[in-house]
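The structure appears right after this line, and notes come after that.
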Amino acid sequence: MTQTNPTVAAWADGLAATQRDGIFYLFALPFAALTILFGLWPILLSIQVSFTASATALQPTPQWVGLANYVAIFADPVFIASLGRTLLYTAPAVVTNLAFALAYATLLDSRLIWRGITFFKLAVFLPVVTPDVAGYVVWRWLYDQSFGAVNAALKLLGLPMFGGLALPGTALLAILVAELWHHARFYVLVFLANLAVVDRTQTEAAQIDGATSLQCFRHVTLPQLRPAIAVNLVYALIQFLKTFTVVVIMTKGGPADATNFVSYYAYQQFDSAEYGQATAMATVLFAIVLLIALTAYRRAGRPA
Amino acid sequence: VIRRVLALLAATVVSLLFLYPYAWMVSSAFRSTREILAEPLRLWPESPSAEAFGTIAEVGGVSLVRAMLNSVAISGLSTLLSVIITALGAYALTRRPGLWPFRMLRGGSC
């Protein structure tokens with residue numbers, strides 16, 4: 001009789017497990033390789049560039065400058081302003097998008113509408129099949145001061161002109177509306193999916209107990225929508241912190257920097273060969289997005 | 001009944017506002033620049049013309065058909081590849097959630 005050595009046994013177990021899992025490693029390999037190659041690697045390279053001098057950033061032996069780029073961007077008033085602007089835009093953008101989506105989804109789910117549900121869903125979901133660039137080009141036309149439909153409609157109704165993209169004061173509102181038009185359907189879809197599994201017997205019970213429809217919504221339906229709110233909140237935060245396409249197409253950061261967000265400013269810096277500072281800005285934005293998204297995810301995802 | 005009418009009205013208004021840019025886009029495609037500038041609100045072309053489509057049939061020596069084929073090829077191939085690769089990966093991670101390097105990712109998010 002031979003005594004089995006525990007170490008050898010554990011080692012043999014491990015080997016067997018590896019052999020058993022071998023096929024699964026093989027399956028996961030392409031996925032892991034692509035994630036590393038196209039997901040993690042560029043991020044790491046970009047962070048690396050943020051620690052080099054711009055002039056030498058793309059050479060094989062870049063000159064390391066430590067935190068100099070970070071010092072430079074935090075001394076740049078335009079960057080600080082764009083950072084503040086990004087956060088100031090994100091907050092109302094997230095709130096209006098989620099509020100609109102929740103209201104519209106609740107309306108569609110309320111069974112008050114007796115016909116045309118498909119039409120009402122389609123109208124809001126249509127931007128899915130629209131390339132974002134095409135959508136924003138149309139919106140830029142609509143906002144035009146002299147020839148745009150928005151101002152023509154306001155004139156027809158006898159209302160004051162809307163400054164649209166031409167005035168610093170209204171440009172943010174203008175792109176917020178265009179972005180709502182383009183992004184709201186995702187949030188509506190998530191809310192609708194969640195509303196479909198809300199327990200209607202609870203609502204009925206509350207109604208029998210004399211709760212008003214507002215109380216029903218606030219205390220019965222809303223708590224059950226927590227998963228959808230969490231998903232939408234995190235997604236919307238990420239979406240609006242990274243606002244970029246709409247700025248490139250509609251305003252180019254103007255007028256007077258009113259829509260110059262971090263992502264666009266970093267892109268401009270990169271275009272003028274300030275690679276070090278551009279990637280430093282991108283890294284700062286990346287850190288902020290990650291931090292805010294993780295915090296929101298943990299807080300909103302926690303059961304009530 | 002009033003609530004139902006109000007609900008229908010609200011949904012109709014929102015839907016039409018969402019659809020307006022499309023209607024404008026489609027009608028403008030059949031109008032001349034002059035007509036668009038003169039009457040921005042109008043949704044029915046005064047004298048429908050497919051001239052714009054003739055203009056974009058070839059841009060910079062590249063035909064529109066070629067550009068469309070490029071789009072189809074790119075989206076078709078990337079869809080096919082990503083479905084195959086992510087399906088394989090998802091299967092592996094579902095059957096063996098503890099697969100070594102991936103366990104760390106789950107630990108980070110759960």
Side-chain angles (χ1 to χ4, degrees), chain A residues 17-18 20-21 23-35 100 103-104 107-108 110-117 119-127 130 134-135 137-139 141-142 144 146-153 155-156 177-178 180-182 184-185 213 294 297-298 301, chain B residues 1-29 33-43 71 75 78 81-103 105 108-110:
Chain A
T18 310
R20 198 182 58 227
D21 289 344
I23 188 74
F24 292 107
Y25 275 114
L26 201 63
F27 280 0
L29 190 69
F31 171 63
L34 280 184
T35 308
F100 168 79
Y104 197 68
L107 185 64
L108 291 188
S110 67
R111 299 184 177 179
L112 283 172
I113 295 169
W114 65 96
R115 61 185 303 165
I117 278 284
F119 170 77
F120 296 132
K121 281 184 185 171
L122 191 70
V124 174
F125 294 163
L126 210 53
T130 316
V137 166
V138 170
W139 273 102
W141 263 101
L142 296 179
D144 192 279
S146 322
F147 310 113
V150 172
N151 272 319
K155 200 173 165 189
L156 204 68
V177 171
L180 176 84
W181 175 82
H182 195 265
R185 41 81 187 180
S213 37
L294 278 181
Y297 185 83
R298 279 169 190 270
Chain B
V1 176
I2 292 175
R3 282 165 56 107
R4 282 171 169 265
V5 171
L6 280 180
L8 192 69
L9 199 68
T12 310
V13 169
V14 172
S15 298
L16 290 182
L17 284 178
F18 265 77
L19 287 176
Y20 182 79
Y22 288 101
W24 186 89
M25 178 180 76
V26 173
S27 86
S28 298
T33 310
R34 182 195 297 271
E35 287 165 347
I36 298 173
L37 295 184
E39 281 204 60
L41 273 179
R42 192 182 170 111
L43 283 182
S71 296
S75 35
S78 60
L81 273 177
S82 56
V83 167
I84 292 174
I85 288 170
T86 51
L88 283 175
Y91 176 70
L93 292 188
T94 312
R95 288 290 301 274
R96 292 281 185 280
L99 217 55
W100 169 67
F102 302 100
R103 200 174 354 187
L105 298 177
S109 65
C110 293

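A note on names: the letters A, B, ... follow the listed sequences, proteins ahead of strands, and every chain is numbered from 1.
The candidate with the highest count of non-hydrogen atom pairs below 4.5 Å against chain B, out of A:V124, A:L108, A:L126, is A:L126. Between chain B and the options A:P127, A:A103, A:A134, the largest number of non-hydrogen pairs under 4.5 Å is found for A:P127. Counting heavy-atom pairs closer than 4.5 Å to chain B, the top-ranked of the candidates A:L26, A:T130, A:L180 is A:T130.
Taking CD1 of B:I2 as the reference point, atom CG of B:L9 lies at 12.5 Å (rounded to 0.5 Å). Rounding to the nearest 0.5 angstrom, the gap separating the CG atom in A:L122 from the CD1 atom in A:I117 is 12.5 Å.
Under the 6.0 Å cut-off for aromatic ring centres, A:W181 and B:Y22 qualify, their centroids lying closer than that.
No part of B:S82 comes within reach of chain A, as not one of its non-hydrogen atoms sits under 4.5 angstrom from that chain.
When all heavy atoms are compared, the tightest approach of A:V138 to B:P21 is CG1-O, 3.7 Å.
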